[in-house]
Amino acid sequence: MNNKLIDKLIIETDGSNAEQQALIKKLSRLQEISKKLWIPVPVGIVTYKVENPNQPPIQHKQISMSWTRNMYNWMMMHIGFVNLADATFGSGKFSFKDTGGTVQSSTTPAFTLYSQVADGLYCATGVITSGIVVGIGTGAESFNSYQLGTICTNGTGLNQFSYNACGLDSLTWAGTPDFTWTASWKRILNNNSGNTIVVTESGLIFKIYYGHAYAGASQYVYILVNRDLLASAENVLDAGQLTVAYDTVMIFPE
Amino acid sequence: MEALRDSEVDKIINTGIFHAEAVKDEKLWDEFKSLSLDLHLPVTESFWKMEVTKNGKVLDSKRERSASWLRNFYNQITHQTLSVDGTSAANFGAGYLSAKNISAAITATLTPFGDNGSSGFYCNYETAGFQSIRAAAGSTTHGILVGLGVTPVSFENYKIETLVANGVGGGQLSYQAMDAPINIWVGTPTFEYTMAWFRYMNNNSGGAITINEVVLQILKYVGTNAVMERHIIAGGLLVPDTAQLRCDYQMVVTFLE
């Protein structure tokens, strides 16, 4: 089975990691079946690249298996064409929990509008309300996560990173044999804290938009849609740089 | 479960008929669900349920897997899940993120189905009159619509093939207003959330009508509509004169929990 996406993953992930290789095989099979059944499947792949002073760069890549309840509800809203109007958050509830822990619901749907320049995963330099974020928390991944365990804030103090803007690095279409759209969102973080930062978790935060012009109301909400524990912690030395790239792949039937 | 051999899967590639065969293969669905859950990915399934009644008696009832989301649908979910904007206002097809209306016009607003591209944003999936699935009585501009077409579903379909018009004339149905969807959560052990849109249609045409296709059509914004899902009903569905047809579009997401 010729499959460039999967071949690339096999090459770039740690070949000695049996668990990752088993997941990749499952992913390959799922990709084929989803094409036959015409079911959209968003596959996440995250890459961590560390460039420390006077050391060769280190890069790790892993399959992201950590879509949160927020992401499931997000997809449900747009696949089922329904609003999320429950006042509580959890099993069987239609709602979001924002990064501040507040349950968000509405009788209108929400969207990422201007996804590449203002909303969605885009985020400006020094701002960590959306986009790719990292942390030092070690709590187990949870389907109900709505924030990182311990986020690294922006700055030059202890365990702080200087966050560059989070932007869409590339949007690519791969034809035969993959038939996939891949959006690569990337963020560079500089460690000017004076100390090593041991990064153990990363996440994706969507900036979403509720509202409609007729009602004259609008509201931005920030929801964590993905939280990954790193397969192995990344030590970013003082004056070092961490680049985190999230590739989300949508498989088309074609 | 017993998995299909790769060679069996590989032959079910891309053409409408092979897709249609795959959809009926419950082993393939089982494997899809199992793999998705192992990889912590959302399992999404859809069904069409159709029932014909007359004088309170059920004449015919069918529930069929749909799995015929079209390029418009894929593009919409790609926009919203990958956080990306449209890529083309001129092309619709492989390698383009855009929308194709039932008039064949192509648009590439910032998000094809989430923005009217000019004066703002007025979407409400569940409220008639807004960008919505929910159609008013007599409306065939959007919502659940039925038709006579029998051509197999193509991923590139953007409109119903032969729409049954609203009315009481020959070959016409009286489309009823759509209600808000019914949402049902099933906890242990399946953890499935079902969202069901439905619509009644009455046959007061004076003759029987055989329905062969059903679609889910969204009102993007005023004056523009696009089909997101089209399904061919196996064997058709006979709706006698004075009978009522109910069509349910059921969307099921399996949660990890």
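In the text below, chain A, chain B and the rest are named by the order of the sequence lines, each starting its count at 1.
Proximity to chain A is limited to the side chain of L216(B), based on heavy atoms less than 4.5 angstrom apart. For a residue to count as touching a neighbouring chain, one of its non-hydrogen atoms must lie under 4.5 Å from one of that chain's; by this rule L168(A) touches chain B with the side chain only. In this structure, the portions of P42(B) lying under 4.5 Å from any heavy atom of chain A include both its backbone and its side chain. Using a 4.5 Å cut-off between heavy atoms, S36(B) touches chain A through backbone and side chain atoms alike. Heavy-atom distances place no part of S66(B) under 4.5 Å from chain A, backbone and side chain included. Proximity to chain A (any heavy atom under 4.5 Å) is restricted, for E156(B), to the side chain, taken from C-beta onward.
Using a cut-off of 4.0 Å between Lys/Arg side-chain N and Asp/Glu carboxylate O, E31(B) and R29(A) are scored as salt-bridged.
For the atom pair CD1 of I33(A) and CG of L28(B), the computed distance is 5.0 Å after rounding to the nearest 0.5 Å. Here NE2 of H40(B) is found 13.0 Å from OG1 of T68(A). Values are rounded to the nearest 0.5 Å. The distance from atom CD of E32(A) to atom CG of L35(B), rounded to the nearest 0.5 Å, is 11.5 Å.
Contact count versus chain B (heavy atoms, under 4.5 Å) is highest, among V117(A), L23(A), I39(A), L30(A), for I39(A). Per-residue heavy-atom pair counts under 4.5 Å with chain B were compared for G120(A), S34(A), A183(A), P40(A), and the maximum is reached by P40(A). Of the residues considered (L41(B), V43(B), V253(B)), L41(B) shows the highest number of contacts with chain A, using heavy-atom pairs under 4.5 Å. Of the listed residues K93(A), R69(A), M71(A), the one with more heavy-atom pairs under 4.5 angstrom with chain B than any other is R69(A). When the candidates L70(B), V23(B), L256(B) are compared by the number of heavy-atom contacts under 4.5 Å with chain A, L256(B) comes out ahead. For the set N183(B), V252(B), I77(B), the entry with the most heavy-atom pairs within less than 4.5 Å of chain A is I77(B). Interface remark: of the candidates Y122(A), Y246(A), F206(A), W185(A), W185(A) forms the most heavy-atom pairs closer than 4.5 Å to chain B.
Residues D38(B) and K26(A) come closest through the heavy atom pair OD2-NZ, 2.9 Å. The nearest pair of heavy atoms linking M250(A) to T78(B) is CG-OG1, 3.4 Å.
Open room surrounds OH on Y96(B); 12 or fewer heavy atoms of other groups in view lie less than 6.0 Å from it.
Considering only heavy atoms from C-beta on, Y74(B) stays 4.5 Å or farther from W181(A) through its side chain. The shortest side-chain heavy-atom distance between S91(A) and W185(B) falls under the 4.5 Å cut-off. Two residues are said to be in side-chain contact when any heavy atoms from C-beta on lie closer than 4.5 Å; R71(B) and F252(A) meet this criterion. Residues L37(A) and W69(B) are not in side-chain contact: their nearest non-hydrogen atoms beyond the backbone lie 4.5 Å or more apart.
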What's the verdict on side chain to side chain contact (heavy atoms under 4.5 Å, CB included) for L171(A) and L97(B), showing C-alpha distance, side-chain angles and the deciding distance? CA-CA 11 Å; L171(A) 174 63; L97(B) 287 176; 4.1 Å; yes

Could you walk me through whether T87(B) and W173(A) satisfy the side chain to side chain contact (heavy atoms under 4.5 Å, CB included) test, starting with their C-alpha distance in whole Å, then the side-chain angles of each, then the deciding distance to 0.1 Å, before giving a yes or no? CA-CA 11 Å; T87(B) 63; W173(A) 168 254; over 6 Å; no

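Screening residues 79-90 of chain A for salt bridge (Lys or Arg N to Asp or Glu O under 4.0 Å) gives no qualifying pairs among residues at least two apart or on separate chains.
At a heavy-atom separation below 4.5 angstrom, chain B is approached by W74(A), M75(A), M76(A), M77(A), H78(A), I79(A), G80(A), F81(A), V82(A), N83(A) within residues 74-83 of chain A.
Using cut-offs of 30° and 60° for the angle between ring planes, the W38(A) and F155(B) rings count as perpendicular.
Checked against the 6.0 Å centroid threshold, Y193(B) and Y72(A) do not count as a close aromatic pair.
Between the side chain of T248(A) and the backbone N or O of L82(B), no donor-acceptor pair lies under 3.5 Å.
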